[in-house]
There are 2 protein chains.
Amino acid sequence: MIDEESQFAHEGCPPHPLSIEKAKAAVENEDEMQAISDFFRLFSDSTRIRILLALGTGEMCVCDISEALGMTQSAISHQLRVLRGGNLVRSRRDGKSVFYSLSDDHVRTVVRTATEHIREV
Amino acid sequence: MIDEESQFAHEGCPPHPLSIEKAKAAVENEDEMQAISDFFRLFSDSTRIRILLALGTGEMCVCDISEALGMTQSAISHQLRVLRGGNLVRSRRDGKSVFYSLSDDHVRTVVRTATEHIREV
DNA sequence: CTATCATATGAACATATGTTCAACTGTTTG
DNA sequence: CAAACAGTTGAACATATGTTCATATGATAG
């Protein structure tokens with residue numbers, strides 16, 4: 001029978017069992033880590049960032065967004081779906097148009113924080 | 001000659017030329033938007049989040065990280081490279097081992113903010 | 001120098017992601 | 001109802017991404 005840990009255990013290596021224990025405790029909640037990375041993934045595409053910044057100036061309909069970004073309305077719609085799935089934006093229908101807006105100020109804060117980080121580096 | 005904007009202009013549609021102009025101004029700096037999304041992409045994988053949280057407990061060598069996360073040292077090393085490329089972690093060699101640590105408290109802050117966001121939703 | 005250990009890296013692979021294209025809803029207008 | 005318009009969606013496609021495997025590098029011990 002093969003040692004179950006043989007693929008990543010380095011018997012002779014770990015000089016710091018204490019720090020391993022602390023680290024294990026810090027990363028034990030894998031579902032939460034997944035949720036955190038999923039949250040960040042929403043912001044990991046420049047088209048979505050641009051949509052969020054556009055909506056930061058106020059509510060917009062899909063065709064206005066696509067006009068402002070110079071991209072097809074289909075591409076924008078697909079990305080709006082992702083943002084909607086992540087509860088980053090809200091939508092409201094008004095006749096033929098659908099208007100999107102940031103779902104709360106928290107989104108604005110996240111993007112602003114990142115922008116500042118980028119600029120200060 | 002084909003209209004250059006024909007792929008995304010919806011001549012009859014945009015009811016709000018003013019909001020389009022505001023939005024265009026907000027998203028004009030495409031390089032910065034790319035930098036922002038690249039920054040977020042660093043945090044968009046759960047393995048990298050777990051590495052960052054592990055390092056949040058203190059400096060660790062690669063084999064300790066792989067032991068703590070239960071993943072191969074190769075996979076960890078590849079991700080550390082990404083994190084190093086994004087200046088999120090620093091490395092220091094001590095004999096045969098290489099010790100990694102968070103490059104500054106800002107990283108800790110980013111992850112903590114996201115964690116709070118996830119928990120409050 | 002040789003062997004060994006810790007880490008890094010490149011190639012290969014499977015999966016995920018973003019855009020396009022075409023087709024489909026749903027709403028308004030005639 | 002039919003036509004036109006705004007938006008959505010699914011399939012197809014190309015590219016990006018993460019892990020594995022094998023191998024390379026760098027440091028230390030013998």
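Residue numbering restarts at 1 for every chain, and letters A, B, ... go by the order of the sequence lines.
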key: For B/D31, side chain to side chain donor-acceptor pair (under 3.5 Å) partners two or more places apart   = none

What is the distance from atom [atom1] of [X] to atom [atom2] of [Y], rounded to the nearest 0.5 Å?
X	Y	atom1	atom2	value
B/R108	B/T115	CZ	OG1	12.5 Å
A/K96	A/C61	NZ	SG	11.5 Å
A/I118	A/T113	CD1	OG1	11.5 Å
B/L88	B/L80	CG	CG	11.0 Å

message = Run B/I20 and B/H16 through side chain to side chain contact (heavy atoms under 4.5 Å, CB included) and show every step you take.
response = CA-CA 6 Å; B/I20 293 178; B/H16 306 118; 5.5 Å; no

Protein-nucleotide distance ([X], atom [atom1]; [N], atom [atom2]), rounded to Å:
X	N	atom1	atom2	answer
B/R50	D/dG18	CZ	P	15 Å
A/R92	D/dG7	CZ	P	12 Å
A/F99	D/dT8	CZ	P	12 Å
B/E67	C/dC5	CD	P	16 Å
A/M71	D/dA6	CE	C1'	18 Å
B/D94	C/dC5	CG	C1'	14 Å
A/I76	C/dG18	CD1	P	13 Å
A/L83	D/dT8	CG	C1'	15 Å

Looking at [N], I'd like to know if its phosphate oxygens (OP1 or OP2) sit under 4.0 Å from a side-chain N or O belonging to [X].
X	N	value
B/Q79	D/dT17	no
A/R41	C/dA16	no
A/Y100	D/dA6	no
A/R48	C/dG18	yes

query = How would you list, by chain and number, every residue that makes a side chain to side chain contact (heavy atoms under 4.5 Å, CB included) with A/S44, sequence neighbours excluded?
reply = A/R41, A/R48, B/R41, B/S44

Of the listed nucleotides ([options]), which one gets closest to any side-chain atom of [X]?
X	options	result
B/R81	C/dT9, D/dA27, D/dT19	C/dT9
B/S77	D/dA6, C/dT9, C/dT19	C/dT9
A/K96	D/dC5, C/dG18, D/dA27	D/dC5
A/D45	C/dG18, D/dG7, C/dA8	C/dG18

ask   = So B/S97 and B/F99, side chain to side chain contact (heavy atoms under 4.5 Å, CB included) or not? Walk me through it.
value = CA-CA 6 Å; B/S97 298; B/F99 288 85; 3.8 Å; yes

query = Closer to the 5' end of DNA chain C via nearest nucleotide, is it B/S91 or A/R93?
reply = B/S91

Just the table, please: protein N/O against nucleotides 21-23 of chain D N/O, every pair under 3.5 Å.
residue	atom	partner	partner atom	Å
D/dC21	N4	B/S74	OG	2.7

query = B/F40: what forms a ring pair (Phe, Tyr, Trp, His ring centres under 6.0 Å) with it, not counting sequence neighbours?
reply = A/F43

ask   = Sequence neighbours excluded, which residues qualify as ring pair (Phe, Tyr, Trp, His ring centres under 6.0 Å) partners of A/H106?
value = B/H117

request  = Determine to 10° how strongly the helix from C/dC1-D/dG30 to C/dG30-D/dC1 is bent, judged from the axes of its five-pair ends.
outcome  = 10°

